[in-house]
2 protein chains.
Amino acid sequence: MGRKSKQKEAILKVVKSTDTHPTADWVYEQVRRDIPNISLGTVYRNLKLLTRDGEILGLGGGDTAGRFDGNIRDHYHFRCERCNRVLDLDEPVDKTMNERLAQRLGVTVNRHSLEFYGLCQDCQSGITNDKAE
Amino acid sequence: MGRKSKQKEAILKVVKSTDTHPTADWVYEQVRRDIPNISLGTVYRNLKLLTRDGEILGLGGGDTAGRFDGNIRDHYHFRCERCNRVLDLDEPVDKTMNERLAQRLGVTVNRHSLEFYGLCQDCQSGITNDKAE
DNA sequence: TTAGGTGCAAAACCTTTGCCATCCC
DNA sequence: GGGATGGCAAAGGTTTTGCACCTAA
């Protein structure tokens with residue numbers, strides 16, 4: 001599954017230690033504090049490896065999503081359409097849906113992703129908040 | 001809401017007439033059959049406009065998703081992790097989830113997106129099928 | 001020792017944008 | 001006429017890759 005490196009460990013630690021669902025570039029900036037000459041390519045490579053190995057999740061499923069999630073517990077998301085913040089939800093995850101669908105369609109279902117879209121509290125009240133990406 | 005053009009109409013027609021959830025580039029190739037000198041920029045511009053106007057959907061919600069859906073009925077998706085095919089599902093859409101979440105979190109919820117991931121029939125049987133993107 | 005990882009920089013993609021010509025209303 | 005739209009090409013942003021050099025096992 002690949003050998004250890006301080007770069008990979010630092011990257012994993014950054015992703016695990018935030019709930020901001022960061023982009024590759026944000027991770028890069030954070031890791032740079034500890035390893036100033038790390039390269040962005042290394043960050044991309046390791047995020048992809050960590051995603052494949054199931055140590056982190058690619059948001060929206062897969063490693064092409066552009067944002068990552070260190071929380072690999074099954075959970076859902078709420079995304080603010082204005083500031084693009086992503087919140088983890090505590091809603092219970094219903095895995096029976098997977099089986100029902102698998103039977104009905106004759107496919108294999110590994111997982112599902114449920115995301116809600118709307119305006120977060122800050123953005124509703126207009127306090128806000130540049131449109132971030 | 002913007003004026004008419006044959007380019008925009010052709011683009012809409014292409015997206016509406018397929019259930020393959022095409023990328024901008026695929027749409028471009030199709031439209032080119034009718035309008036050989038249409039430019040890719042025009043396709044992007046119009047896909048964005050059509051998405052904003054609600055005439056088509058950006059997959060995964062929004063217009064940054066890279067794939068589009070001419071079916072604007074509320075519906076869910078199944079995505080094959082091997083061949084990346086996307087299937088429309090007939091599952092009933094449960095809008096009460098939106099309200100429950102909105103109340104609990106104090107946010108505004110406009111919609112949600114539910115995607116299942118797994119292997120489609122072809123990819124299970126190994127008949128398949130290059131990894132498309 | 002050596003497969004695998006790293007840094008760097010270039011390349012590859014994908015999407016947006018500026019500019020001017022053209023078209024609709 | 002005048003603002004919207006289109007074609008073209010250049011610019012932007014993000015992600016991947018080739019390569020020579022390291023490093024963990």
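Both backbone and side-chain heavy atoms feed into the values below; hydrogens, waters and symmetry mates do not. Bear in mind that the values here come from a model prediction, so they are computed numbers and not experimental data. Within every chain, numbering begins at 1; the chains are lettered A, B, ... in the order of the sequence lines, protein sequences first and strands thereafter.
- Closest to the side chain of B:Lys8, from the set D:dT14, D:dT5, C:dG7, is D:dT5.
- The nearest whole Å value for the distance from the CG atom in B:Asp25 to the C1' atom in C:dC13 is 10 Å.
- Taken over five-pair windows at either terminus, the axes of the helix from C:dT1-D:dA25 to C:dC25-D:dG1 are inclined to one another by 40° (rounded to 10 degrees).
- As rounded to whole Å, 12 Å separates atom P of C:dT6 from atom CG of A:Leu47.
- When hydrophobic clusters are built by joining Ile, Leu, Val, Met, Phe, Trp and Tyr residues whose side-chain heavy atoms come closer than 4.5 Å, directly or via intermediates, A:Leu105 is grouped together with A:Met97.
- Rounded to whole angstrom, the span from the CG atom of B:Leu50 across to the P atom of D:dG6 amounts to 10 Å.
- Here C:dG4 presents its P atom at 13 Å from CG of A:Asp53, a figure rounded to the nearest Å.
- In this structure, A:Ile72 is not a member of the same hydrophobic cluster as A:Val93, with clusters built from ILVMFWY side-chain heavy atoms closer than 4.5 Å.
- Using a 4.0 Å heavy-atom criterion, one finds that B:Asn46 contacts the sugar-phosphate atoms exclusively.
- Among residues two or more places apart in sequence or in another chain, the ring pair (Phe, Tyr, Trp, His ring centres under 6.0 Å) test is passed with A:Tyr76 by A:His112.
- Dashed line: the shortest gap from a side-chain N or O of A:Gln7 to OP1 or OP2 of D:dT23 is not under 4.0 Å.
- B:Tyr44 has a side-chain polar atom (N or O) that falls below the 4.0 Å cut-off from OP1 or OP2 of C:dT15.
- Going from atom CZ of A:Arg67 over to atom P of D:dT15 covers 12 Å, rounded to whole Å.
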Side chain to side chain contact (heavy atoms under 4.5 Å, CB included) assessment of B:Val31 paired with B:Thr42: CA-CA 11 Å; B:Val31 173; B:Thr42 296; over 6 Å; no
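- Atom pair A:Leu49:CG and D:dT16:P shows a separation of 11 Å (rounding to whole Å applied).
- The pair A:Asp90-B:Arg104 does not meet the salt-bridge criterion, since no charged nitrogen lies less than 4.0 angstrom from a carboxylate oxygen.
- In this structure, the side chain of A:Lys16 engages the main chain of A:Gly70 through a donor-acceptor pair within 3.5 Å.
- Taking every heavy atom of residues 28-39 of chain A and every atom of DNA chain D, no pair lies under 4.0 Å.
- B:Glu29 pairs by the salt bridge (charged side-chain N to carboxylate O under 4.0 Å, His left out) definition with B:Arg32, not counting sequence neighbours.
- Evaluation of the ring-ring contact (aromatic ring centres under 6.0 Å, His included) test over residues 2-44 of chain A, restricted to residues two or more places apart or in two chains, returns A:His21-A:His77.
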Protein-proximity profile, nucleotides 20-25 of chain C, B/S/- by nucleotide at the 4.0 Å heavy-atom cutoff, equals ---BBS
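- Here the C1' atom of nucleotide D:dA9 and the CG atom of B:Leu40 are 12 Å apart, to the nearest Å.
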Pair B:Val15, B:Leu50 - check side chain to side chain contact (heavy atoms under 4.5 Å, CB included), show working. CA-CA 10 Å; B:Val15 179; B:Leu50 291 168; 5.8 Å; no
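- A salt bridge does not link A:Asp88 with A:Arg73: every distance from a Lys NZ or Arg NE/NH1/NH2 to an Asp or Glu carboxylate oxygen is 4.0 Å or more.
- A:Glu81 and B:Asn110 form a side-chain donor-acceptor contact under 3.5 Å, judged by distance and modelled atom types alone.
- OP1 or OP2 of C:dT15 has not a single side-chain nitrogen or oxygen of B:Lys48 nearer than 4.0 Å.
- B:Glu91 places no side-chain N or O within donor-acceptor distance of the main-chain N or O of A:Leu101, the cut-off being under 3.5 Å.
- At a cut-off of 3.5 angstrom, the base of D:dG7 holds at least one donor-acceptor pair with the side chain of B:Arg45.
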